[in-house]
Amino acid sequence: MFPHTAFRIRTVAWFLAAGIFLLLVGCSGEEPQPTTLERVQKEGVLRVVTRNSPATYFQDRSGETGFEYELVKRFADNLGVKLQIETADNLDDLFKRLNQPNGPVLAAAGLVASDGRKIQAKFSQPYLDVTPQVIYRNGQPRPSRPEDLVGKRILVLQGSSHAEQLAQLKASQPQLQYEESSAVEVVDLLRMVDEGQIDLTVVDSNELAMNQVYFPNVRVAFDLGDARSLGWAMAPGADDSLRAEVDHFLALVEENGSLQRLKDRYYGHVDVLGYVGAYTFAKHLQQRLPRYEQFFKQSAEKHKVDWRLLAAIGYQESLWQPDATSKTGVRGLMMLTQGTAQAMGVANRLDARQSIQGGGKYLALIHSGLAEELEEPDRTWFALAAYNIGIAHLGDARKLAQAEGLNPNKWLDVQKMLPRLAQKQWYSKTRYGYARGGETVHFVRNIRRYYDILNWVTQPQLEGNQVAESGMHVPGVDKRKPPAEDAPL
Ligand code: BLG
């Protein structure tokens with residue numbers, strides 16, 4: 001009985017072991033594939049495809065930038081992975097890449113989640129609402145309804161939602177003619193309208209808001225339909241893991257206000273400058289800046305600041321006019337007070353070169369003299385504020401911030417306090433008293449806006465050209481040149 005039992009136990013044990021082995025082997029064949037999100041996390045890289053345009057992604061002097069870039073960079077940071085960006089030549093190319101088996105997992109490129117696109121891609125929650133707008137040239141008759149498009153030279157991006165809309169419109173307006181091109185970007189379309197090479201184009205309102213400042217002659221004719229939503233796109237066959245994570249992230253940035261701040265920064269030019277301000281800037285960029293560009297560059301080099309920042313200050317101060325004079329007797333292109341001019345060794349404030357030299361010297365001096373704990377980029381915004389209101393009042397505003405439990409080293413916090421310097425209940429408690437702090441907030445905000453614009457116009461791909469001659473975008477030019485070394489302010 002005993003040996004028999006032992007045999008039975010051995011046999012059972014053997015079968016059991018074999019069973020477990022087979023089970024393991026069998027299972028490994030059916031092991032669940034990692035989800036897209038798991039793959040991204042495992043590889044430690046988020047691969048994203050976008051377009052090279054001021055409203056999405058471009059390189060400025062400090063490296064990669066753009067609304068989509070910054071948003072998707074935050075997403076990658078949130079996931080704890082590296083971001084790897086690639087740019088598509090056109091929209092068809094973008095969707096093709098997204099659908100490649102080992103291609104990028106996400107497209108962040110200002111894409112309207114249109115019905116036509118839903119077969120090419122799966123979209124995230126919306127993060128921005130935009131309105132398609134018909135654009136015409138100032139001085140030409142303004143089209144006001146779809147019928148007015150007939151008989152016009154119209155060019156739009158190939159594969160764009162606007163091409164889709166025009167195709168639909170053709171059903172009711174068979175006479176309508178339009179062309180699509182894959183060799184251009186939105187900036188080219190706007191430039192072509194600006195220069196009269198085409199009559200009309202259609203772009204999204206956010207793209208126009210971003211670009212109005214470069215093209216003095218472009219105007220909105222009318223909205224081509226209702227607002228639509230932009231979303232990030234994923235391959236239609238992709239699992240939902242990444243999309244769920246993206247949606248979660250977008251809800252988070254919506255809630256904590258960082259999405260709104262990005263929108264203001266990139267698409268708020270027109271909100272801040274107004275349409276007239278935006279196209280006036282574009283006009284002055286072409287007509288006035290070239291006269292002073294060399295002076296800004298010389299001063300910037302001497303005082304180790306970015307010339308674009310000096311140019312932005314000069315525009316805010318005087319619209320690049322050397323004989324500007326304020327009610328309070330502050331004068332010149334960089335609006336130096338008599339005291340500051342004297343301290344900077346400026347003999348003639350109305351001489352543009354001297355004014356710009358003095359302004360550069362003063363800015364560098366303030367910047368290096370600010371409290372050590374102020375870090376970039378805020379340090380630069382503080383320096384701008386002090387340029388306008390003086391170090392002493394700026395110090396008062398920082399103290400008010402501290403007293404309110406805000407961070408005196410963050411520009412966002414201190415700018416909330418500056419307007420209080422003009423209200424008695426607050427300034428009576430400060431050391432240096434009354435100051436027009438609200439103006440300083442406006443001053444810094446505008447300069448940052450001009451600075452952003454100048455950064456785009458003078459990005460490395462256009463380097464070597466004078467701003468006025470650069471045009472906006474040169475298709476086919478190497479866009480991946482690393483940013484040149486530049487002395488940070
Ligand atoms: C600035 C000075 C600061 C000075 C502050 O005033 O001028 N900046 C320059 O001269 C570059 O040096 O600080 S202080 O020296 O520490 O006192 C405060 O006095 C100039 C400002 C004044 C402002 N624009 C540069 O931003 C101006 O022109 N205000 C007049 C406006 S209005 O025409 O009267 O409405």
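Counting from 1, the numbers follow the sequence of the chain as shown. Read the numbers this way: they start at 1 and go in the same order the structure lists the ligands and their atoms. Quantities reported herein were computed from a predicted structural model and do not represent experimental measurements.
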Within the distance-only criterion (no hydrogens, no angle test), does the side chain of [X] pair as donor or acceptor with the backbone N or O of [Y] below 3.5 angstrom?
X      : Y      : value
Arg142 : Val220 : yes
Asp194 : Asn217 : yes
Asn206 : Val130 : no
Gln133 : Ala221 : no

Residue portion contacting ligand 1 (non-hydrogen atoms closer than 4.0 Å) for Val330: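 Within the 4.0 Å criterion, Val330 contacts ligand 1 through side-chain atoms alone.
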
Would you please test Phe58 and Thr65 for side chain to side chain contact (heavy atoms under 4.5 Å, CB included) and show each step? CA-CA 6 Å; Phe58 64 98; Thr65 186; 3.5 Å; yes

Does the Lys NZ or Arg CZ of Arg449 fall within the cation-pi geometry relative to Tyr315 - under 6.0 Å from the ring centre and within 45° of the axis?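 No, Arg449 and Tyr315 do not form such a contact.
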
Minimum-distance protein heavy atom relative to [atom]:
atom                    : value
atom 30 (C) of ligand 1 : Thr328 OG1, 3.1 Å
atom 15 (O) of ligand 1 : Tyr362 OH, 4.0 Å
atom 14 (S) of ligand 1 : Gly390 CA, 4.0 Å
atom 20 (C) of ligand 1 : Met335 O, 3.4 Å
atom 25 (C) of ligand 1 : Glu317 OE2, 2.8 Å
atom 19 (O) of ligand 1 : Ile389 O, 4.6 Å
atom 22 (C) of ligand 1 : Asn388 O, 3.9 Å
atom 2 (C) of ligand 1  : Tyr387 O, 3.5 Å

Less than 3.5 Å between some nitrogen or oxygen of Glu439 and one of ligand 1, yes or no?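 No, no N or O pair falls under 3.5 Å.
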
Tabulate below the donor-acceptor pairs under 3.5 Å that side-chain atoms of residues 249-258 make, not counting sequence neighbours, or state none.
residue	atom	partner	partner atom	Å
Asn256	OD1	Ser258	N	2.9
Asn256	OD1	Ser258	OG	2.7

Distance flag for atom 10 (O) of ligand 1, protein heavy atom under 4.0 Å: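 Neighbour list for atom 10 (O) of ligand 1 includes protein heavy atoms (cut-off 4.0 Å).
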
Are any non-hydrogen protein atoms located under 4.0 Å from atom 35 (O) of ligand 1?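 Yes; the ligand atom in question has protein heavy-atom contact below 4.0 Å.
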
Could you check, using the six-membered ring where one of them is a Trp, whether Trp320 and Phe281 have ring centers closer than 6.0 angstrom?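 So the answer is yes for these two rings.
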
Give the numbers and elements of all ligand 1 atoms closer than 4.0 Å to a heavy atom of [X].
X      : value
Arg436 : 31 (C), 32 (S), 35 (O)
Phe443 : 26 (O)
Leu336 : 10 (O), 11 (C)

With a 4.0 Å cut-off on heavy atoms, does Gln316 reach ligand 1?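 For ligand 1, residue contact (heavy atoms, under 4.0 Å) with Gln316 is absent.
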
Could you list the donor-acceptor pairs under 3.5 angstrom formed between side-chain atoms of residues 354-366 and any protein atom two or more places apart in sequence or on another chain?
residue	atom	partner	partner atom	Å
Gln354	OE1	Ala347	N	3.1
Gln354	OE1	Asn348	N	2.9
Ser355	OG	Met334	N	3.0
Gln357	OE1	His303	NE2	3.2

So His248 and Asn78, side chain to side chain contact (heavy atoms under 4.5 Å, CB included) or not? Walk me through it. CA-CA 11 Å; His248 176 72; Asn78 237 293; over 6 Å; no

